[in-house]
Amino acid sequence: MSIDNITLARLLDETASLLEIDAADPFRIRSYRRAAEAVEQQTTPLATLATPEADPKALLAIPGIGKGMAANIRDLVTTGTMPLREELLQKYRPTMLELLRLPGMGPKTVAMLYSALEIADIDALEAAARRGDLLSLPRMGQKFTDKLLKGIEDHRRNASRFRIDIARGHAERVSELIRQFPGIDTITPAGSLRRGRESCGDLDLLVTGPACESDVVAAAVEHVATLPLIDKLLARGQNKVSFNLRKGLQVDVRLLPRASYGAALQYFTGSKHHNVALRQRAIKRGLTLNEYALLRLEDNQIIAAASEEEIYNALDLDYIPPELRENCGEIEAAEKHILPRLITRADIRGDVHMHTHESDGVNSIREMAEAAIARGLEYIAITDHSKNLAMTNGMDDKRTLAHAQRIRQVSDELAAEFAAKKGPQWARYQQRLNDGEPESVEPSVPFRLLAGIEVDILADGALDLEDDTLAQLDIVVASVHSGFNQTEEEMTARVLRAAENPYVQILGHPTGRKVLKREPYRINLEQLLPAAARLGIAVEHNAAPARADLSDINLRKAKEFGCKIICNTDAHSTEELDQIDDGIVQLRRAWLTPADLINTQPLEAFLASLRPRQ
DNA sequence: GCCGTTTTCGGCCCGACTGTTTTCAGTCG
C-alpha cells in the first residue's frame with residue numbers, strides 16, 4: 001500500500017513541528033512547512049515519482065522541493081519514515097505534537113515543559129496545571145494556567161474545524177449584529193473563508209466605516225466586545241476583538257480605517273504563503289507590505305492601501321482572486337497576465353441533478369423549475385432516486401417513466417407560457433428591468449426540464465433499473481449509495497462496471513467524500529477518471545458541502561485526465577439550488593474556466609457533449 | 001533546507017497582543 005500525498009504532507013509538517021521544539025534553524029523549519037504545503041497541492045501521487053525507476057528530476061520540479069527534501073520524500077515512500085524524523089522522535093515524544101494545538105502553546109513552551117517537568121502529553125499537562133506545578137516555571141503565572149486549563153477543555157470538546165457553509169452562516173450572524181452599530185459600512189470575511197477552503201479553523205471579519213477611524217474606534221470595539229452571542233472573550237486590543245462562539249468557533253474581528261482597508265483585506269485573506277511571497281516581491285522593488293499599506297522603504301511613502309487592486313497593480317501584478325492565493329503559481333501567472341478567467345455563477349446555465357418530493361426532496365417539479373428560473377438557469381434535470389433507495393421512496397421502472405412524463409409535461413407548460421409571453425421567465429425579465437439591471441436581455445429560448453434519474457449502482461456494479469427504462473430518459477446520473485464496506489479495489493471496479501453501461505451519462509458524486517467526516521467509501525481516482533474520460537462519461541462535482549464533492553485537487557486531476565466535468569447541486573429543496581456557490585468556489589480554487597465545465601453551455605451544446613445515446 | 005533580474009553563498013516577511021514583565025519573549029495570524 002503506497003503512501004498518499006496527504007500523509008506525506010502530514011509527516012513533513014510534523015517533522016517541521018519537531019524541529020521547532022528542537023529550536024532548529026527557523027528557515028530550515030520553514031522549508032519543511034513549505035514542502036508539506038507543496039506536496040499536499042500535487043495532483044499526481046508523489047509515491048509514483050519517488051520510485052527508483054521514476055525520473056529523479058520529477059520531484060525537483062516541484063517548487064519548494066530541493067535535493068534534501070526529495071531524498072526525504074523517497075525515504076518516506078520506501079520506508080514510511082526518514083532519518084531526521086526518527087532522530088527527533090528519539091529525542092521527543094510524538095504526543096508533544098498535540099500539545100502544540102493548544103492555544104497559547106508554542107514550540108518553546110512545549111520544549112520547556114518537557115525539559116523541566118517531562119510533560120509530553122495533554123493529560124500530564126492538565127494534571128501539572130491543576131497541581132499548580134506550572135507556577136514555578138518562568139513566565140507562567142496563575143492567569144496562564146487558568147487559560148491553559150480552559151484551552152484543554154475546549155480542545156477536548158471540539159478539536160475539529162468548521163465546514164465552510166457552517167462557518168459562513170456564523171459569519172453572517174455575527175456581521176448582522178456588528179452592523180447595528182452606527183457608522184459601520186462594510187464587513188468582509190477574510191481568511192480561509194474568503195479563499196474558499198472547504199473548512200475553516202476560525203473566522204476573520206474585517207470591518208470598516210466612519211466608526212472605525214482611529215480617533216473614534218474605541219466605541220465600536222466596545223460594541224463588538226459585548227455582542228450577546230459571545231461565549232468567551234479571548235482578547236481585546238485597540239482595533240481587534242477575539243472571541244469564541246458557543247459552538248466553539250473562534251472569531252477575530254478587526255476594525256480598520258477606510259484608507260487601509262485594502263491592505264488589511266489583502267493581509268488577512270492570506271494565505272500565509274501567498275503573503276510571504278508577495279512581501280518578498282515588495283522588498284525586491286524597494287517596498288514593504290504590511291496590513292496597513294504598501295510603503296516605499298526609503299521614505300515610508302504610501303504607495304497603495306485602500307484597495308487590493310491598487311496593491312497588486314503596484315507590485316506589477318494583475319489582481320489575483322482570493323481563491324487562487326495559495327502561492328501555487330498565481331503570482332507568476334499574474335505577472336505574465338495569464339491568470340485564468342475563473343467561473344462565476346453567471347456562467348452556470350444548467351443544473352442536472354436534483355430531487356423532488358417524488359423521492360426524498362421537499363418541493364414539486366414546478367417549484368424546482370421556477371426556483372431555477374429565478375436563479376437564471378436555462379435548463380435543469382429532475383433526477384429522483386431509484387428503487388434500491390427504499391428509505392427515500394425510490395422509484396421502480398414504472399414510477400420512473402410516469403414521473404418522466406410529468407416532468408416533460410411541466411416543461412411543455414412552461415414553454416407554452418413562455419411563447420405566450422407569460423410565466424416565470426418573463427416575470428424575471430420584467431423584474432430585472434424594474435431593478436434597472438443594465439445587462440438584462442430578453443429571454444430568447446424557453447426554459448427546459450429534462451427527465452432524469454439518479455440510478456443506484458449496486459454492489460456488483462449493476463444498476464437497479466432496466467436499460468429499457470434508462471433509454472427513455474434524457475439524463476441518467478449513476479451513483480453509489482450503499483455497500484460502503486467494500487475495499488477501494490472493489491469499489492473502483494464496481495463504479496467502472498456501471499460506467500460501462502451505455503445509458504449512464506454522468507457519475508454522480510464520484511468520490512462520495514464528506515468533508516470533515518469519515519469518508520463513506522474510498523475510490524481510486526487514478527483509475528476512475530481516465531476511464532471516465534475514455535468512455536466520454538461526465539464526472540459530477542457535487543456542489544453541496546453537506547453531502548459530497550470533488551475537492552479542488554480532485555477537480556484539477558479530473559481536468560488533467562481530460563474528463564468532462566459538470567457541477568450540480570443535488571438539491572433536495574429550492575433553497576439548496578443556491579449551494580451552487582459552494583461548488584463554484586472549489587472550481588475556482590482548481591483554476592477552472594467556463595470552458596472546463598459542460599453545464600456552462602447552452603442546452604443543445606450541453607446535450608451534444610454528453611455521451612451519445614444508443 | 002531552498003533558491004537565484006544583488007545567483008552557488010547568504011539571504012530568507014511583518015506586526016499585534018499577552019503575560020509577566022520593568023524591556024521582552026513567545027505566540028498568533
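Here is the naming used below: chain letters follow the sequence lines, and residue numbers restart at 1 for every chain. Side chains are part of it too, since the values below use all heavy atoms of this structure and drop only hydrogens, waters and symmetry mates.
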Kindly compute the distance separating CG (Asp581(A)) from OG1 (Thr344(A)), expressed to the nearest 0.5 Å.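 These two atoms lie 10.0 Å from each other.
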
If you measure from CD on Gln266(A) to CG on Asn290(A), what distance do you get to the nearest 0.5 Å? 10.5 Å

Quick one: [X] [atom1] to [N] [atom2], roughly how many Å, whole number?
X	N	atom1	atom2	result
His273(A)	dC14(B)	NE2	P	17 Å
Lys284(A)	dG11(B)	NZ	P	15 Å
Lys108(A)	dC24(B)	NZ	P	17 Å
Phe243(A)	dC28(B)	CZ	C1'	17 Å
Gln280(A)	dC14(B)	CD	P	9 Å
Ile283(A)	dG15(B)	CD1	P	10 Å
Asn275(A)	dC12(B)	CG	P	18 Å
Arg281(A)	dT5(B)	CZ	C1'	11 Å

Suppose you measure atom [atom1] in [N] against the same atom in [M]; what distance do you get, rounded to whole Å?
N	M	atom1	value
dG11(B)	dT5(B)	C1'	16 Å
dT20(B)	dG15(B)	P	27 Å
dT8(B)	dC3(B)	P	16 Å
dC28(B)	dT23(B)	P	25 Å
dC2(B)	dT7(B)	C1'	13 Å
dG26(B)	dT21(B)	P	14 Å
dT6(B)	dG10(B)	C1'	11 Å
dC9(B)	dC14(B)	P	26 Å

Would you indicate which nucleotide in dG29(B), dG1(B), dC12(B) comes nearest to any side-chain atom of Asp204(A)? dG29(B)

Which one, dC12(B), dG26(B), dG29(B), comes nearest to the side chain of Gln250(A)?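 The answer is dG29(B), which lies nearest to the side chain.
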
Contacts of Met105(A) and Met69(A) projected onto DNA chain B by closest heavy atom; the upstream (5') one is Met69(A)

Search all heavy atoms of Phe243(A) against all heavy atoms of Leu229(A) and return the closest pair with its distance.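 Heavy atoms of Phe243(A) and Leu229(A) come nearest at CE1-CD1, 4.4 Å.
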
Quick test of your reading of the model: are Arg10(A) and Glu14(A) salt-bridged, counting only N-O distances below 4.0 Å?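 Salt bridge flag = yes for Glu14(A) with Arg10(A).
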
Less than 3.5 Å apart, any donor N or O on the side chain of Arg139(A) or Thr109(A) sitting next to an acceptor on the other?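 Judged by distance alone, the side chains do not pair up.
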
Is it the case that Arg556(A) and Gln41(A) place a side-chain donor and acceptor less than 3.5 Å from each other?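 Indeed, the side chains of Arg556(A) and Gln41(A) share at least one donor-acceptor pair under 3.5 Å.
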
Is there a Watson-Crick or G-U wobble partner for dT8(B) with both distances under 3.5 Å, and if so, which one is it? none

Please classify the nucleic acid contact of [X] as base, sugar-phosphate, or nothing, using heavy-atom distances under 4.0 Å.
X	value
Asn72(A)	nothing
Pro103(A)	sugar-phosphate
Phe268(A)	nothing
Leu289(A)	sugar-phosphate
Ile29(A)	nothing
Leu102(A)	sugar-phosphate
Ser242(A)	nothing

Here's a test for you: under side chain to side chain contact (heavy atoms under 4.5 Å, CB included), which of Met69(A), Arg34(A), Glu40(A) qualifies with Leu12(A)? Met69(A)

Can you classify the ring geometry of Tyr92(A) versus Tyr114(A) as parallel (below 30°), tilted (30 to 60°) or perpendicular (above 60°)?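 Rings of Tyr92(A) and Tyr114(A): tilted, as their planes differ by 30° to 60°.
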
Parallel, tilted or perpendicular: which fits the ring planes of Tyr312(A) and His274(A), with parallel below 30° and perpendicular above 60°? tilted

Taking N or O atoms only and anything under 3.5 Å, show me the protein contacts with nucleotides 16-20 of chain B, one pair per line.
unit_1	atom_1	unit_2	atom_2	d
dC17(B)	OP1	Gln238(A)	N	3.2
dT18(B)	OP1	Arg236(A)	N	3.0
dT20(B)	OP1	Gly141(A)	N	2.2
dT20(B)	OP1	Gly141(A)	O	3.3

Side-chain N or O of Ser31(A) less than 4.0 angstrom from OP1 or OP2 on dC12(B)? no

For dT5(B), does the O4'-C1'-N9-C4 (purine) or O4'-C1'-N1-C2 (pyrimidine) torsion place it in syn, i.e. within 90° of 0, or in anti?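 This nucleotide is in anti.
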
